[in-house]
Amino acid sequence: MPDHETVLRLARLLYDRKSQDISALNVTRLTVLCDYMVIASGRSATQVAALADAVDDLMAAEGLNLRRSEGRREGRWIVLDYGHIIVHLFHRDDRAFYGLDRLWNDGTNALELPFDQTVSD
């Protein structure tokens with residue numbers, strides 16, 4: 001499935017840009033909003049905004065148009081909607097409060113990511 005490969009490339013991009021706690025979830029069975037959600041954290045509002053810009057660049061190169069975006073001005077929680085894929089970028093202090101990982105992860109739908117997040121930087 002092309003979206004699956006795009007999600008893995010997206011996760012790798014976020015990892016390479018020093019994002020933290022990256023989750024990629026197949027939510028096809030859980031919602032009609034999208035097929036995949038990618039959730040990641042940044043250390044500052046500036047980093048979260050830079051991650052959003054990098055995601056936009058990658059998705060444009062993949063031929064996926066941004067349908068809607070929220071939160072860019074504040075940089076605390078940016079939502080990027082590309083139709084089949086929705087990306088949530090959080091300031092790390094805000095992510096736990098909203099708990100999207102718990103809401104959308106049913107224990108069977110997390111994608112295995114092609115990198116080791118246990119290595120600290």
Side-chain angles (χ1 to χ4, degrees):
M1 176 177 237
D3 286 341
H4 180 88
E5 295 303 318
T6 299
V7 167
L8 293 180
R9 281 190 291 278
L10 177 58
R12 169 54 84 175
L13 170 86
L14 292 168
Y15 177 77
D16 290 345
R17 301 285 174 123
K18 306 297 184 200
S19 182
Q20 298 176 317
D21 301 323
I22 303 161
S23 297
L25 304 170
N26 181 334
V27 295
T28 306
R29 295 176 297 122
L30 303 175
T31 183
V32 297
L33 296 174
C34 62
D35 294 329
Y36 294 92
M37 284 190 191
V38 177
I39 306 167
S41 301
R43 293 175 180 87
S44 67
T46 303
Q47 184 189 20
V48 172
L51 292 170
D53 291 342
V55 168
D56 276 341
D57 292 344
L58 174 71
M59 298 304 257
E62 295 280 333
L64 296 170
N65 296 320
L66 181 64
R67 291 182 173 189
R68 183 177 167 152
S69 175
E70 295 288 335
R72 282 188 184 264
R73 184 174 308 168
E74 298 82 15
R76 304 292 296 183
W77 176 10
I78 299 176
V79 181
L80 305 167
D81 181 354
Y82 296 95
H84 296 281
I85 301 168
I86 295 178
V87 181
H88 297 273
L89 302 171
F90 284 94
H91 187 283
R92 66 180 172 187
D93 295 338
D94 296 322
R95 183 171 177 174
F97 178 78
Y98 291 102
L100 289 187
D101 299 87
R102 290 186 312 275
L103 180 65
W104 293 109
N105 188 341
D106 70 2
T108 65
N109 63 335
L111 301 183
E112 185 174 336
L113 300 177
F115 47 82
D116 182 4
Q117 294 188 79
T118 62
V119 178
S120 62
D121 51 356

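Worth saying up front: this structure is predicted, and the values here are computed from it rather than measured.
Placement of Val79 and Val7 in two distinct hydrophobic clusters is found when ILVMFWY residues are connected by side-chain heavy-atom separations under 4.5 Å, directly or transitively. Placement of Leu8 and Ile39 in two distinct hydrophobic clusters is found when ILVMFWY residues are connected by side-chain heavy-atom separations under 4.5 Å, directly or transitively. Cluster annotation: Val27 and Leu103 are assigned to the same hydrophobic cluster (Ile/Leu/Val/Met/Phe/Trp/Tyr, side-chain heavy-atom contacts under 4.5 Å, transitive). No chain of hydrophobic side-chain contacts below 4.5 Å, direct or via other Ile, Leu, Val, Met, Phe, Trp or Tyr residues, connects Met37 to Val32. Cluster membership for Leu13 and Leu25, using ILVMFWY side-chain heavy atoms within less than 4.5 angstrom, is not shared.
Listed by chain and number, the residues in a side-chain contact (heavy atoms from CB on, under 4.5 Å) with Arg92 are Gln20, Ser41, Arg43 (sequence neighbours excluded). With sequence neighbours left out, the ring-ring contact (aromatic ring centres under 6.0 Å, His included) criterion links Phe90 to Trp77. With sequence neighbours excluded, no residue forms a salt bridge (charged side-chain N to carboxylate O under 4.0 Å, His left out) with Asp57. Ser44 meets the side chain to side chain donor-acceptor pair (under 3.5 Å) test with no other residue; sequence neighbours excluded. For Ala11, the side-chain contact (heavy atoms from CB on, under 4.5 Å) criterion is met by Ile22, Leu113, Phe115, not counting sequence neighbours. Residues passing the side-chain contact (heavy atoms from CB on, under 4.5 Å) test with Arg72, sequence neighbours excluded: Ala52, Asp53, Asp56, Leu66, Ser69, Ile78, Leu80. Judged as a side chain to side chain donor-acceptor pair (under 3.5 Å), and not counting sequence neighbours, the contacts of Asp106 are Arg29, Thr108. By the side chain to side chain donor-acceptor pair (under 3.5 Å) test, Asp101 is found to be paired with Ser23, Arg95, residues two or more places apart in sequence or in another chain being considered. Residues passing the side chain to side chain donor-acceptor pair (under 3.5 Å) test with Glu70 are Arg68, sequence neighbours excluded. Legend: residues meeting side-chain contact (heavy atoms from CB on, under 4.5 Å) with Ala45, ordered by chain and number and at least two apart, are absent.
Other residues, nucleotides and ligands contribute over 12 non-hydrogen atoms within 6.0 Å of the CZ atom of Arg12.
Residue Arg17 comes nearest to Ala54 through the heavy atom pair NH1-CB, 3.7 Å, listed as atom of the first residue, atom of the second, then distance.
Here the CG atom belonging to Leu58 is positioned 8.5 Å from the OH atom belonging to Tyr82, to the nearest 0.5 angstrom. Once rounded to the nearest 0.5 Å, the distance linking NE2 of His4 with CG of Asp35 reads 12.5 Å. For the atom pair Arg67 CZ and Ile86 CD1, the distance stands at 9.5 Å (nearest 0.5 Å). Here the CG-NE2 distance, from Asp94 to His88, works out to 14.0 Å after rounding to the nearest 0.5 Å.
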*Could you walk me through whether Leu14 and Leu89 pass side-chain contact (heavy atoms from CB on, under 4.5 Å), step by step?*
CA-CA 10 Å; Leu14 292 168; Leu89 302 171; 3.9 Å; yes

*Go through Thr6 and Met59 one step at a time and tell me if the side-chain contact (heavy atoms from CB on, under 4.5 Å) criterion holds.*
CA-CA 8 Å; Thr6 299; Met59 298 304 257; 3.9 Å; yes

*Could you give me the CA-CA distance, side-chain angles and deciding distance for Asp93 and Arg76, then say whether side-chain contact (heavy atoms from CB on, under 4.5 Å) is met?*
CA-CA 9 Å; Asp93 295 338; Arg76 304 292 296 183; 4.0 Å; yes

*Can you check side-chain contact (heavy atoms from CB on, under 4.5 Å) on Trp104 and Leu30, steps first, answer last?*
CA-CA 8 Å; Trp104 293 109; Leu30 303 175; 4.1 Å; yes

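Not a single donor-acceptor pair under 3.5 Å links the side chain of Asn26 to the backbone N or O of Tyr36.
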